[in-house]
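Have a look at the structure below before the remarks.
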Amino acid sequence: MTALPRPRRTRGGESKGQDGTGSGTRTREQPRARAFGLRTRLLAAFLLVAAVSAGTTSALTYREARNALLKTAQDTAVSTFRDEVERVGWGLPVHEEVLEATLRDLARTGRPRPWVVFAEYGSLRVSSGENPVSTVITPELRRAATADRYGSFERVVKDGVPYLTIGMPTVFRTDPDGVLPTGLVLYAVMRMTDEQINVDALLVAARNGALPGLAVALVPGLLAARSVLRPVRELRRAARSMGSGRLDTRIPVRGSDELADLADTFNESAGQLERSVGELREAEARARRFASDVSHELRTPLAGMLAVTEVLDQDADRLDADTAQAVRLVSAETGKLAVLVEDLMEISRFDARAAELNSDEIDVAEAIRKTLQTRHWADDDRIRTELPAGVRARLDPRRFDVVVANLVGNALRHGGAPVTVLLRTGASSSGTLLLVVEVVDRGPGIPAAALPHIFDRFYKADAARTRSPGSGLGLAITLENVNLHGGTIRAGNLPGGGAVFTVEIPLGAEEAGR
C-alpha cells in the first residue's frame, strides 16, 4: 500500500495569531481658514501623491516578495513531504514502534528545514519528537486532511511563532486504478522563523526605501510649486499696481499653458480697463471744464441781473400788484441762480484740487457767533447754542463759516426747531485731540435710505421736494471743506427724533487734508 503518486495540493487557509497587524486611521486636525498658503498646499498635495505612490509601490513589492518567499518554502516542504510519504510503503495493522521509527526517518528528510512529524490513527497518537506539535494542528486542517485524500496545508501562528502545517492521509491500492484510505493521517510541522525574519527584513527595506523617495520628491515638488506660484505672484503684484492707479501694468506671458492664458487674459482686461478709465476721465474732465466755464460765463450777466433786480425790488412798491409780484419772483430766482453758480464754481475748484486752506488761529465760539450774526440767526428763537469759551484752533475762517452756515441752514430748512449748535473738544480712538461741532434739530430725522447719500451732490432725501430753497450742493461743499481741514463729518438720527450732524477736526492738523 502506497500513497497516491501525485496528490493534488489544495489551497489551505492562513490563520492569524498574536502577531497579526491591524491598520488604524489617524484623524488630522482640521486647519483653520486660510491657515496655509498656496505654496504649502501645492507641496502638501505633491507629497501626498508621492507618498501614496511610494506606499502603494512598496506595499505591492513587499506583498509579492513575501508571497514568493513563503510560497517557495511552502512548495518545497509540501513537495518533499509528499515524496517522502509516497516513498514509504504502508501496511496494516499499524504498530506503534514501527510507526515511531518511520516518523523519525521522515523528520530527518525534512526540507527546507527539519520537520516534526505527527501521526494520528484512530486513538493512536505518535510523534517524531518531544515537541507538542499536536496543538499547532488546527481542527480545520484535520477535517481537510481527513476529507480530502490529496491532503492539505496551512500556515498558522502560535505564540508568536509562524508554522507551516501539512496534513496528508495515507492510502493503499486496491487495483491499478483504485485506492482506499488506511485511516492513518500524517502531519508535518515546520517552523518558518527564518522566512519570517526575511519577511520582516523586506518590510524594513520597503519602508526605508519609501522615506528617501519622499525626500527626493520634495525637490520636484518645490520646482513645480515655484513654476505655478511665479505667475500667481506676478498677477498679485500687477493687480496691486493697478489698484494703486497704474493702469498700464502688464504681465509677461511665458509659455502656452493655462497660466499663460490667464496672464494674456489679464493683459487684455487691463488694456480694456485702461481705455475705459481713460475715456471716463476725459469725459469727467470735459464735464468739469464745462461746469467751470459755464459758471464763469454766467457770473458777469448774473452780476448785471442782480444789480437790476435790486433796483426793481426797491421800486416794487410803486408798481401795480401783478408787476410787483413778477419783479419779486425774478429777483428771488436770480438770487438762487447766483447761489447755484457760486456753489458750482466752488465745487469745480475742489474737483480741480485748486482749493486752498488759509488757516489762522481763531476763537471757535466767537467764529460760530459771527456766522449766526451774519445770517441774522443770532436772535432767532429757533436756534440755541452751547459754546464754551476758550476753545481755540487753527482753521480757515471763511471755510469754517461755510461749514457752520450750511449745517444750520440745512437744519432750519429740513429739520425742526429748536436747532442746537454745540461746541466741545474730544479725543479720537488714537488719542488725537479733536474739535467737535454738532448741529442738532428736532425734526423728523433723515430717512435710513438717504443716510448713505446725504452728502452726494444734488441729492434730495425727499424726491418730491424738487423746488427746495438750496442748490443741492450745500452738504457736498461742507464735506469738501471739512476734508480740506483733515477732519470728518457724519450724519445720523437721535433716538428721540431729529437729525444730528457731527464735525470732527484735528486740533492743530489743518494741513492734513491737503
Side-chain angles (χ1 to χ4, degrees), residues 244-245 281-300 302-303 306 335-375 391-410 421 423 425 428 432-439 454-459 470-491 501-514:
S244 64
R281 286 175 176 172
E282 292 178 359
E284 184 181 7
R286 289 194 299 268
R288 288 175 178 174
R289 285 196 302 270
F290 175 77
S292 178
D293 294 343
V294 168
S295 301
H296 280 285
E297 292 297 328
L298 288 176
R299 291 190 72 181
T300 301
L302 273 175
L306 287 172
K336 292 180 182 179
L337 182 59
V339 172
L340 176 60
V341 170
E342 289 297 329
D343 288 346
L344 286 173
M345 292 187 63
E346 185 72 5
I347 285 291
S348 66
R349 282 191 288 269
F350 283 117
D351 290 341
R353 302 187 185 279
E356 296 182 353
L357 197 67
N358 300 313
S359 59
D360 192 8
E361 185 173 347
I362 62 173
D363 186 310
V364 182
E366 185 62 29
I368 294 176
R369 292 191 189 96
K370 184 177 180 181
T371 298
L372 298 179
Q373 290 171 357
T374 303
R375 272 75 175 180
V391 179
R392 303 187 65 83
R394 291 190 61 83
L395 303 171
D396 186 322
R398 184 183 71 84
R399 296 191 181 280
F400 185 69
D401 172 79
V402 171
V403 169
V404 175
N406 284 347
L407 293 180
V408 174
N410 183 75
V421 182
L423 172 65
T425 58
S428 66
T432 303
L433 192 60
L434 299 175
L435 171 70
V436 182
V437 178
E438 290 183 349
V439 177
I454 198 68
F455 296 103
D456 293 350
R457 299 174 185 181
F458 299 106
Y459 180 79
S471 65
L473 295 173
L475 290 181
I477 293 175
T478 300
L479 174 65
E480 295 291 348
N481 280 315
V482 172
N483 290 340
L484 198 63
H485 281 86
T488 60
I489 181 172
R490 61 181 182 272
F501 287 82
T502 304
V503 176
E504 295 179 345
I505 298 176
L507 287 174
E510 72 281 356
E511 301 293 332
R514 291 192 177 183

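This is a predicted model, so every value here is computed, not measured.
- Two residues are said to be in side-chain contact when any heavy atoms from C-beta on lie closer than 4.5 Å; N358 and R398 fail this criterion.
- Taking every heavy atom of both residues into account, T425 and V391 meet most closely at CG2-CG1, 4.1 Å.
- Note that CD1 of I505 is 9.0 Å distant from CD1 of I489, once rounded to the nearest 0.5 Å.
- For S428, the side-chain hydrogen bond (donor to acceptor under 3.5 Å, both in side chains) partners two or more places apart in sequence, or in a different chain, are S430.
- In terms of the side-chain hydrogen bond (donor to acceptor under 3.5 Å, both in side chains) criterion, residue partners of E504 (sequence neighbours excluded) are, by chain and number, R490.
- With D401 as the partner, the side-chain hydrogen bond (donor to acceptor under 3.5 Å, both in side chains) test is satisfied by one option alone out of N481, N406, T374, T371: T371.
- Put simply, CD on E480 and CG on L473 are 10.5 Å apart, with the number rounded to the nearest 0.5 Å.
- Between L507 atom CG and R392 atom CZ the span is 12.0 Å, to the nearest 0.5 Å.
- Taking D456 as the reference, H453 meet the side-chain hydrogen bond (donor to acceptor under 3.5 Å, both in side chains) condition, with sequence neighbours excluded.
- Between the CZ atom of R399 and the CG atom of L357 there is a distance of 7.0 Å, given to the nearest 0.5 Å.
- Within the 4.5 Å cutoff, the side chain of I368 has heavy atoms near those of the F400 side chain.
- Summarising the geometry, atom CZ belonging to F501 is positioned 5.0 Å from atom CD1 belonging to I454; distances are rounded to the nearest 0.5 Å.
- To the nearest 0.5 Å, the span separating CG on D363 from CG on L395 amounts to 10.5 Å.
- When side chains are defined from C-beta on, L407 counts as touching L475, because their heavy atoms get closer than 4.5 Å.
- In this structure the side chain of L434 reaches within 4.5 angstrom of the side chain of P506, judged on heavy atoms.
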